[in-house]
2 protein chains.
Amino acid sequence: MSLVAPVIEEEPSTLGSQVYADLSGLIMRGELSPGDKLSLRSIALRLGVSMQPVRHAVDRLVADQALEVLPNRAVRVPIMTTARLEEITRIRIAIEGFAVEEAAGAWTPADMAEIERHDGIFRRECRKRTPDLARAVMANRDLHFSIYRAAALPSLMPIIEGLWLRVGPVLNLDMRASPERIKQGAGRCHADMMAALERRDGKRARLALTADISGAAEFIVSRGILP
Amino acid sequence: MSLVAPVIEEEPSTLGSQVYADLSGLIMRGELSPGDKLSLRSIALRLGVSMQPVRHAVDRLVADQALEVLPNRAVRVPIMTTARLEEITRIRIAIEGFAVEEAAGAWTPADMAEIERHDGIFRRECRKRTPDLARAVMANRDLHFSIYRAAALPSLMPIIEGLWLRVGPVLNLDMRASPERIKQGAGRCHADMMAALERRDGKRARLALTADISGAAEFIVSRGILP
DNA sequence: GCAGTCTAATTGTGATCACAGTTGCCAACA
DNA sequence: TGTTGGCAACTGTGATCACAATTAGACTGC
């Protein structure tokens, strides 16, 4: 698994952290669907390691609610309900909105260069006739996190990563199902956000991000596939 | 360890979760000071369990940054710097401020009864000539979390708990060193916050909380004991 | 053909063992 | 006396084993 989330920067020295990176990448990329049950032994066998590193990884994933333990003590990807998605969406708007507003006032030229680089990658991918959804998802995530990182609040990053880990499965399900939505919805919001950021207009940047987040959430809810 | 944090509601069925509750309680109550190094074997020996449940607990604590692993792979309570405290304070103001504002518009009579109950416990403890600091710390925490819980955003609770876990060690150090500060500073802010909550005035409640959080942080910084 | 039961496989949890890296102490030498 | 050397204890990581609980499946009895 080399397509591991570069957003999460750890010491990949230990086997356990490596398994964590593998599993969190699987979840954030939506390759694990809500409701999927995981078996520690199966994972250990598939990854060619013992059960110990897998337990380390699963413990951490459960800690930030990217996985959940059933009363049976089995562990699965949490099923996303409409109520749960709307709740997390409100939280994301509050927290990530705060992050962009801070970023608008704090970004350095190096930050902005990085942000524009990811924005370019995302736009280029979306303009293709047959966009690579996986690459678009990754570019979108990199764009958002490069902005949040410009807020210079490192303690905030793991919190936002936790939120993305929770919504990852359904967001990617969304993108995969309807590639054309990201072209218009996300594209428009991103353009507004970029413009506001460059003007250091925190309020407008926050509004654009709010539109981005709630737009995606409303689209998923409107599809009616959530319990 | 019976004084375990009731804020964190889990299934204490497994030994590992029990150790986690013990350790997080120790940290949140400030019984572990920043810089203290922890030895998995020592903890296991002291608690009379094997190393496995301890590893489970420490993994989770490290995941939400209540503990940190050094390059030596030793694990310790993170040392709090002034910059770090100020950063977390800004994040707390943003997130917990959002929570109280939501709570102001969402609380039910049952919520308010619970909030007033904890407020009474805290005030009563502070009015004593020789307040029990440990009880005051616990009551203060219960008061805050009963408010946040009224926001009806359960996914937000673990996030705030994580923030408190990070600042717990220094906040309790503060209270322990100067019991009189909580009487005036925190008392005033709490009264304002309670009044605003009852009027469902979210903005004012947020302002009062902001004063409470930043007041405590500024006091600690002003003492100049942080590196 | 269907329901109930009993067995066997699989699950997570906890303990124990093995190993490599680090730390710290104490003696021996300059 | 100050520094360096090496040895011993201890550290976390990973693997393996043991056990109880749950689950799935097949077989028996109706």
Side-chain angles (χ1 to χ4, degrees), chain A residues 1 4 8-27 32-79, chain B residues 1 4 8-27 32-79:
Chain A
M1 297 292 170
V4 112
I8 300 175
E9 42 238 356
E10 325 247 338
E11 77 295 354
S13 47
T14 86
L15 255 183
S17 301
Q18 197 172 324
V19 174
Y20 174 79
D22 286 353
L23 289 184
S24 69
L26 249 55
I27 294 174
L32 261 46
S33 300
D36 283 1
K37 280 183 293 185
L38 274 66
S39 155
L40 300 194
R41 277 185 174 83
S42 311
I43 299 172
L45 201 66
R46 179 194 304 246
L47 270 60
V49 299
S50 121
M51 258 177 70
Q52 191 77 312
V54 178
R55 281 159 78 171
H56 172 95
V58 170
D59 282 350
R60 291 185 54 181
L61 262 351
V62 170
D64 39 45
Q65 300 190 31
L67 296 176
E68 67 181 2
V69 294
L70 302 171
N72 325 345
R73 289 183 167 171
V75 28
R76 71 168 179 193
V77 182
I79 55 168
Chain B
M1 303 292 170
V4 112
I8 300 174
E9 45 238 355
E10 326 247 337
E11 75 294 353
S13 48
T14 86
L15 254 182
S17 301
Q18 196 171 324
V19 175
Y20 173 79
D22 286 352
L23 290 183
S24 68
L26 249 56
I27 295 174
L32 261 48
S33 299
D36 283 0
K37 278 182 292 184
L38 274 65
S39 155
L40 300 194
R41 276 185 175 85
S42 311
I43 300 172
L45 201 65
R46 178 193 305 244
L47 272 58
V49 299
S50 119
M51 259 178 67
Q52 192 77 316
V54 178
R55 280 158 74 170
H56 171 94
V58 169
D59 283 349
R60 291 186 54 180
L61 262 349
V62 169
D64 39 44
Q65 300 190 30
L67 296 176
E68 68 180 3
V69 294
L70 302 171
N72 325 344
R73 292 189 163 165
V75 27
R76 71 169 180 192
V77 182
I79 56 167

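Here is how names work: the chains are called A, B, and so on, in the same order as the sequence lines, proteins then strands, and each is numbered from 1.
- For the pair B/R55 CZ and D/dT11 P, the computed distance is 14 Å after rounding to whole Å.
- The shortest distance between the side-chain N/O atoms of A/T14 and the OP1/OP2 oxygens of D/dT13 is not below 4.0 Å.
- At the phosphate of C/dT11, OP1 or OP2 sits under 4.0 Å from a side-chain N or O atom of A/S42.
- Taking 4.5 Å as the limit, every side-chain heavy atom of B/D64 sits out of range of all side-chain heavy atoms of A/D64.
- In terms of position on DNA chain C, the residue among B/R41 and B/G48 whose nearest nucleotide sits closer to the 5' end is B/G48.
- We find that CG of B/N72 is positioned 18 Å from P of D/dC10, with the value rounded to whole Å.
- Rounding to the nearest 0.5 Å places CZ of A/R76 at 4.5 Å from CG of A/L70.
- Of the two residues near DNA chain C, A/A74 and B/P53, the one whose nearest nucleotide lies more 5' is A/A74.
- Using modelled atom types, no side-chain atom of B/S33 and backbone atom of B/D36 make a donor-acceptor pair closer than 3.5 Å.
- Atom NE2 in B/H56 sits about 8 Å away from atom P in C/dT13, given to the nearest Å.
- A/S50 has no side-chain polar atom (N or O) that falls below the 4.0 Å cut-off from OP1 or OP2 of D/dG14.
- The interatomic distance linking A/R76 (CZ) with D/dT22 (P) rounds to 17 Å, in whole Å.
- Evaluation of atom-type donor-acceptor distances gives no pair under 3.5 Å for the side chain of B/R73 against the base of C/dG21.
- In this structure, A/L38 reaches the sugar-phosphate backbone alone: every heavy-atom distance under 4.0 Å involves primed, P, OP1 or OP2 atoms, never a base.
- At whole-Å resolution of the value, CG in B/L40 and C1' in D/dG14 are 13 Å apart.
- No option in A/V58, A/L47, A/T14, A/L61 other than A/L47 meets the side chain to side chain contact (heavy atoms under 4.5 Å, CB included) test with A/V19.
- If you take CG of A/L70 and C1' of D/dA21, they are 15 Å apart, rounded to a whole angstrom.
- The CG-P distance, from B/L15 to D/dA18, rounds to 20 Å in whole Å.
- Counting heavy atoms from C-beta on, the side chains of B/H56 and B/Q52 never come closer than 4.5 Å.
- Rounded to whole Å, atom C1' of D/dG14 lies 10 Å from atom CD of B/Q52.
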